[in-house]
Amino acid sequence: MNLALWVVAGLMAAVCLTGSSKMFVAKEKLAVVGGSAGQWVEDFSPGALKAIGAVELLAAAGLILPAALDIAPVLVPLAATGLVLLFAGALTMRLRRGERVTIAGDLVYLALTLFLAWGRFGPESFTG
């Protein structure tokens, strides 16, 4: 179980690192690169996109570094819980926009982060 949680944490950290590019890429370029799936960026200001990217960067660090460095490992399930909220917001936004075709990825990410938060708060917590 611990190994599965580490794998999920690593996978989600990689996903978040990729998503954190929102901090450095212009809004117009994000819309073009994403194609039809990237039209959601039109609903957000450039500042909001940068904030989402910053949250994803912090989440990537929070999923790995506290446990790997053994400094406040309780931050791992808290970071996972924050990602649950982020992906729940992404699902809500996609449903509001009627983008049901592109919702599968967000559902998988939500399920993985829920598993990670549950596992690190519960049976495989770093404090126990």
Side-chain angles (χ1 to χ4, degrees):
M1 174 82 142
N2 187 42
L3 179 62
L5 290 167
W6 271 107
V7 169
V8 170
L11 176 68
M12 293 311 301
V15 167
C16 289
L17 277 176
T18 304
S20 70
S21 66
K22 293 175 195 72
M23 291 183 355
F24 311 107
V25 179
K27 177 180 176 177
E28 296 75 25
K29 185 146 185 160
L30 283 172
V32 171
V33 170
S36 62
Q39 297 303 316
W40 65 271
V41 300
E42 299 301 325
D43 287 352
F44 294 91
S45 69
L49 291 172
K50 289 187 187 319
I52 293 169
V55 166
E56 289 178 335
L57 182 63
L58 290 172
L63 290 176
I64 302 296
L65 293 179
L69 299 175
D70 198 27
I71 300 172
V74 71
L75 293 176
V76 174
L78 293 175
T81 303
L83 277 178
V84 166
L85 296 174
L86 180 80
F87 288 119
L91 282 170
T92 303
M93 185 262 319
R94 292 204 190 275
L95 287 172
R96 183 178 50 85
R97 288 182 52 88
E99 297 175 351
R100 286 171 173 68
V101 174
T102 59
I103 215 166
D106 290 332
L107 281 172
V108 170
Y109 295 152
L110 178 63
L112 288 173
T113 54
L114 276 169
F115 170 70
L116 185 58
W118 168 80
R120 289 301 181 206
F121 270 128
E124 289 291 333
S125 70
F126 291 116
T127 59

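The residues of the chain are indexed from 1 along the displayed sequence. All values below come from the heavy atoms of this structure, side chains included, with hydrogens, waters and symmetry mates left out.
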Student: Looking at every non-hydrogen atom in both residues, tell me the closest pair between Glu56 and Ser20 and how far apart they are.
Tutor: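 Closest heavy-atom pair between Glu56 and Ser20: OE1-N, 3.4 Å.
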Student: Below 4.5 Å, heavy atoms only, C-beta onward: do Leu63 and Leu83 meet side chain to side chain?
Tutor: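 Counting from C-beta outward, Leu63 and Leu83 do come under 4.5 Å.
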Student: Are Trp118 and Leu107 in one and the same hydrophobic cluster, where Ile, Leu, Val, Met, Phe, Trp and Tyr link if side-chain heavy atoms are under 4.5 Å apart?
Tutor: yes
Student: Please check if Met23 and Ile52 belong to a single hydrophobic cluster, counting links between Ile, Leu, Val, Met, Phe, Trp and Tyr side chain heavy atoms closer than 4.5 Å.
Tutor: no
Student: Identify the heavy atoms of Ala60 and Ala13 that sit nearest to each other, and give their distance.
Tutor: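 So the two residues come closest at CB-O, 3.5 Å.
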Student: Any idea which heavy atoms bring Arg94 and Trp40 closest together, and the distance?
Tutor: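 Reported closest heavy-atom pair: NH1-CD1, 4.2 Å.
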Student: Is there a path of hydrophobic side-chain contacts, each under 4.5 Å between heavy atoms of I, L, V, M, F, W or Y residues, that connects Leu57 with Leu65?
Tutor: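 No, no single cluster joins them.
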Student: So if you build clusters from Ile, Leu, Val, Met, Phe, Trp, Tyr with side-chain heavy-atom gaps below 4.5 Å, do Leu114 and Leu112 land together?
Tutor: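 Yes, one cluster joins them.
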Student: Which heavy atom in Leu110 sits nearest to a heavy atom in Ala88, and how many Å separate them?
Tutor: CD1-N, 4.2 Å
Student: Does Met12 form a side chain to side chain contact (heavy atoms under 4.5 Å, CB included) with Leu17? I'd like the steps, not just the answer.
Tutor: CA-CA 8 Å; Met12 293 311 301; Leu17 277 176; over 6 Å; no
Student: For Leu95 and Arg100, which heavy atoms make the closest approach, and how far apart are they?
Tutor: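 Taking every non-hydrogen atom into account, O-NH1, 4.0 Å.
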Student: Grab the two heavy atoms, one from Asp106 and one from Leu91, that are nearest each other, plus how far apart they are.
Tutor: CB-CD2, 3.7 Å
Student: Quick one: do Phe115 and Leu5 satisfy side chain to side chain contact (heavy atoms under 4.5 Å, CB included)? Show the steps, please.
Tutor: CA-CA 8 Å; Phe115 170 70; Leu5 290 167; 3.5 Å; yes
Student: Taking Phe44's backbone N and O only, do any of them form a donor-acceptor pair with Lys27's side chain (distance below 3.5 Å, no angle check)?
Tutor: yes
Student: Can you confirm whether more than 12 heavy atoms, excluding those of Tyr109, are under 6.0 Å from its OH atom?
Tutor: no
Student: Roughly how far, to the nearest 0.5 Å, is the CG atom of Asp43 from the CZ atom of Arg97?
Tutor: 4.5 Å
Student: So, taking the atom named CG in Leu58 and the one named SG in Cys16, what distance separates them when rounded to the nearest 0.5 Å?
Tutor: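 Leu58 atom CG to Cys16 atom SG measures 10.0 Å (nearest 0.5 Å).
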Student: If Ile, Leu, Val, Met, Phe, Trp and Tyr residues are connected whenever their side-chain heavy atoms lie under 4.5 Å apart, and connections chain through other members, are Leu11 and Val84 in the same group?
Tutor: yes
Student: Nearest 0.5 Å, please: how far is CH2 in Trp6 from CG in Leu116?
Tutor: 10.0 Å
Student: For Phe121 and Thr81, what are the C-alpha separation, side-chain angles and deciding distance, and is it a side chain to side chain contact (heavy atoms under 4.5 Å, CB included)?
Tutor: CA-CA 10 Å; Phe121 270 128; Thr81 303; 3.3 Å; yes
Student: When you measure from the side chain of Arg120 to the backbone N and O of Glu124, does any donor-acceptor pair fall under 3.5 Å?
Tutor: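 At least one qualifying donor-acceptor pair exists.
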